[in-house]
Amino acid sequence: TTPSRWIDVHLDPRTANPWLVLSEDGRQVRDGDFEQNLVDIPERFDTAPCVLATRGFTTGRHYWEVDVGDKTAWDLGVAQQSVNRKGTVTLSPEDGYWTIWGTWWTPRDWRRGCTQRGRRGAGWSWNWRN
């Protein structure tokens, strides 16, 4: 089925873990080479390498695709606004996270996880009802 709404995701720098580097337009994130000296505000993940989007939603069908580039392991998902962002983060629905994950390694271009052969991305369709 065709998603009813495409989402243009922009990442919120206030939530980004200090080891993550966001692009200027807020549409890309990568692992940094060092921990940035950022103010530890309540919105920021302090230990988990996570970042949230600037806009949320409460209901409806949504779809987005993510290019994971050369990452060999990644998580993608949605989270409740109230999730714990300090200390240990457990990516589970009980803790307010709904995620998928992917890994791959390339001996002879063999891929595993949530990606299709020859593709370096993931699609996510989300239908949420209160």
Who are the side-chain hydrogen bond (donor to acceptor under 3.5 Å, both in side chains) partners of Arg27, not counting sequence neighbours? Asp8
For Gln81, all residues meeting side-chain hydrogen bond (donor to acceptor under 3.5 Å, both in side chains), sequence neighbours excluded: none
Test side-chain contact (heavy atoms from CB on, under 4.5 Å) on Arg85 and Glu43; report intermediate values, then the result. CA-CA 7 Å; Arg85 301 175 196 188; Glu43 295 86 1; 3.6 Å; yes
Donor-acceptor pair, [X] side chain versus [Y] backbone, under 3.5 Å?
X	Y	result
Asp46	Gly87	yes
Lys86	Arg44	yes
Arg30	Val21	no

Run the side-chain contact (heavy atoms from CB on, under 4.5 Å) test against [X] and tell me which residues pass, sequence neighbours left out.
X	value
Asp31	Leu20, Lys71
Asp33	none
Ser23	Asp25, Gln28

Shortest non-hydrogen separation from [X] to [Y] and the atoms involved:
X	Y	value
Phe45	Asn84	CE2-O, 4.0 Å
Ala79	Val83	CB-CG1, 4.0 Å
Pro49	Asn17	CA-CB, 4.0 Å
Leu52	Thr15	N-OG1, 2.9 Å

Are Val9 and Leu22 grouped together when hydrophobic residues (ILVMFWY) are joined by side-chain heavy atoms under 4.5 angstrom apart? yes
Partner residues of Asp12 under the salt bridge (charged side-chain N to carboxylate O under 4.0 Å, His left out) criterion, sequence neighbours left out: Arg14
Atom pair OG1/CG of Thr90 and Asp95 - distance to nearest 0.5 Å: 5.0 Å
